[in-house]
Each structure stands twice: as C-alpha cells, then as structure tokens.
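One structure is given below, encoded as structure tokens.
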Amino acid sequence: MTRREQLYPELKRLREVEGLQWREIGERLGISRQTACDYYSDPDGSKHRERNLPWRAKDFSQCPECGGRMSAARFGGERCRECHVRREARAFEARLEDVAEMYREGKTLREIADALGYGPNSFAPEVTQARQRGLIGYRNRGYGRPS
Ligand SMILES: [Zn+2]
C-alpha cells in the first residue's frame with residue numbers, strides 16, 4: 001500500500017467530516033498543503049501515473065539509430081544525445097561542402113551566408129571553418145560590410 005493510499009481514509013475524514021482546510025489537513029498528517037490536495041483528488045495515484053506516462057515511456061525507450069537509451073526530450077525525442085550530436089556534426093560537414101561548392105560557383109561569402117540562412121549581420125561559422133580548412137579562399141566581396 002502506498003503512502004497515498006494509507007493517508008487517504010484519514011485525509012477524507014478530515015476534509016469531509018471535520019471540514020478542515022488543506023493547510024490544516026497537511027499539518028495534521030505531516031504533508032504539504034499541495035500534497036494533501038493531490039492525495040485527496042487522486043487517492044490511488046492513477047491520475048498521477050497517467051500524467052507521467054509519456055515521460056516514463058520516453059525514459060525507457062530505445063534510440064532508433066543505435067539502440068541506446070533515450071535521454072531528454074530537448075533532443076527532439078527522436079534519438080539519443082550521442083546520435084543527436086553525431087547527426088549535427090554530419091550536417092555541419094555537409095554544409096561545409098555546400099560552402100565550398102557555392103564558392104567554386106563564384107558566389108560571394110555574403111551570398112553563401114544568406115544561402116545557409118544567416119541574417120545580414122551575422123557571421124556564418126561554416127564559412128570560417130571552410131576557410132580554416134582551406135576549402136575556400138578569401139574572396140570577400142560583400143561580406144561583413146552591410147550595404
Ligand atoms: Zn543513439
């Protein structure tokens with residue numbers, strides 16, 4: 001029997017027979033006002049379990065790419081952190097190749113940054129990296145100097 005189930009009969013009596021407030025009930029039972037209210041409205045914990053189900057299911061689900069354990073939802077909930085980081089790194093490498101390709105086509109660095117989705121006043125890290133790796137040169141027309 002859970003603590004929630006143990007406390008429920010007394011909690012119910014204090015609320016319905018004695019008509020106490022949640023704060024007073026909490027003090028009598030040694031729990032918070034919020035917990036008293038929660039136990040009363042969800043005596044067997046089923047609502048609580050229901051609310052938590054998506055999270056718990058996610059905790060124990062497997063990464064579709066490596067079979068590892070899934071972590072937080074901030075990685076899209078689609079793959080584990082390691083796979084997320086690997087995927088981001090691959091995407092960055094692919095963009096570096098795009099940068100080199102566009103440079104060969106004669107685009108200015110400004111045009112390349114635009115094509116990568118960077119705003120007029122922001123610097124594209126892909127361009128810096130491509131330069132450092134010698135993938136592109138220093139043809140700088142139209143970059144870093146808003147017209
Ligand atoms: Zn993975």
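In listed order, ligands and their atoms are each counted from 1.
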For a quick check under 3.5 Å, do Y39 and E5 share a side-chain donor-acceptor pair by atom type?
no
Consider only side-chain N and O atoms of Y40 and E16, and report whether a donor and an acceptor are under 3.5 Å apart.
yes
Could you check whether any side-chain N or O of [X] sits under 3.5 Å from a backbone N or O of [Y], counting only pairs where one atom can act as donor and the other as acceptor?
X	Y	answer
D42	S46	yes
R15	L20	yes
R110	P120	yes

Under the side-chain hydrogen bond (donor to acceptor under 3.5 Å, both in side chains) test, residues paired with R23 that sit two or more places apart
E27
Atoms listed for the Zn ion (ligand 1) (protein only, N, O or S, under 2.8 Å, no waters) are C63 SG, C66 SG, C80 SG, C83 SG
